[in-house]
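What follows is one structure encoded as structure tokens, with my remarks underneath.
Order of appearance sets the numbers: ligands from 1, and atoms from 1 within every ligand.
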Amino acid sequence: MIRIAETHAACDVLGPGTRFVVWVQGCPLTCRDCVSPQWIPAAGGRDVPVDDLAARIAGAPVDGLTVSGGEPFAQAGAVADLITAVRARREMSTMAYSGFTIEHLRRRGDAGQRRLLGLLDLLVDGPYLAHRHADLRWRGSDNQRVHRLTDRHPPLADDRGAGLQFEVTAGGDMQWLGVPPVAGFRRSFENAMGRNPR
Ligand code: SF4
């Protein structure tokens, strides 16, 4: 089982190409600036069988899989199992976000965390820090780095432009995903939409 918060089957702004995104539930780092605090408690979200989720991902018309959160490396064994199960069905690009630095994961990571690192093409590391907010590709603050862990994807030719994707849900609500180019976007957007900021 893997504990997830949300999924999206066609995201164009969290990694190269169009990607299936899995946001896992639970993060032990509890950063003050976290833009998704509802996904910090490990008790939230829902448990889903790894094989069922892998079948959905492999069957989606996407170029790759991105795992965000929450903290993917807090349940690294389950995420590694998910990637392995996806690739048993279909080869695809893999990317993950982590609040841990890559140096921490390499030096102090457990076996599951090192196994997950070994399955990734791209890693964005470090927590989001509002005072270092920047308009950068796929990440929100300039402490966060994009690590190419394989040669599958070329180095970024243009590192500017975080990218946002807007959609109207089946219920008629407007939603967004991606990384806002300006700090405080979420609160402003949700105020404008007449919702309570999360
Ligand atoms: S590491 Fe990321 S997901 Fe976890 S609390 Fe910090 S900002 Fe939020």
Exercise. Starting from the C-alpha separation in whole Å, work towards a yes-or-no answer on side-chain hydrogen bond (donor to acceptor under 3.5 Å, both in side chains) for D12 and T18.
Key: CA-CA 5 Å; D12 295 324; T18 300; 2.6 Å; yes
Using a 4.0 Å cutoff against the non-hydrogen atoms of [X], which atoms of ligand 1 qualify?
X   : result
G99 : 1 (S)
G70 : 3 (S)
L29 : 1 (S)

Quiz item: N/O/S atom of C31 under 2.8 Å from atom 4 (Fe) of ligand 1, yes or no?
Solution: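 Not a single backbone or side-chain N, O or S atom of C31 is under 2.8 Å from atom 4 (Fe) of ligand 1.
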Quiz item: In terms of hydrophobic clustering (I, L, V, M, F, W, Y; side-chain heavy atoms under 4.5 Å; direct or indirect links), are V21 and W39 co-clustered?
Solution: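 In one cluster with V21: W39, yes.
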Practice problem: Decide whether L29 and L123 are clustered together by the hydrophobic rule: side chain heavy atoms of Ile, Leu, Val, Met, Phe, Trp, Tyr closer than 4.5 Å, transitively. | Solution: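 Hydrophobic grouping puts L29 with L123.
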Self-check item: For atom 4 (Fe) of ligand 1, closest protein heavy-atom neighbour
Solution: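 Checking every protein heavy atom, the shortest distance to atom 4 (Fe) of ligand 1 gives C27 SG, 2.3 Å.
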Quiz prompt | Ion pair D125/R139, N-O distance below 4.0 Å | solution =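 Here D125 does not pair with R139 in a salt bridge, since their nearest N and O are not under 4.0 Å apart.
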Quiz item: Any Lys/Arg nitrogen of R152 or D63 sitting under 4.0 Å from an Asp/Glu carboxylate oxygen of the other?
Solution: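 Judged by the 4.0 Å cut-off on N to carboxylate O distance, R152 and D63 do not form a salt bridge.
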Practice problem: Answer yes or no as to whether an N/O/S atom of C34 is found below 2.8 Å from atom 6 (Fe) of ligand 1. | Solution: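 Checking atom 6 (Fe) of ligand 1 against C34, no N, O or S atom falls under 2.8 Å.
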Exercise. Take atom 2 (Fe) of ligand 1 and look for protein heavy atoms under 4.0 Å from it; say yes if you find one, no if not.
Key: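 Given the 4.0 Å cut-off, atom 2 (Fe) of ligand 1 does not count as touching protein heavy atoms.
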Exercise. Could you tell me whether R90 atom CZ has more than 12 heavy atoms of other residues or ligands within 6.0 Å of it?
Key: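 It does: R90 CZ has more than 12 such atoms within range.
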Self-check item: D33 and ligand 1 - part of the residue with a heavy-atom distance under 4.0 Å
Solution: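 The answer is neither; D33 stays 4.0 Å or more away.
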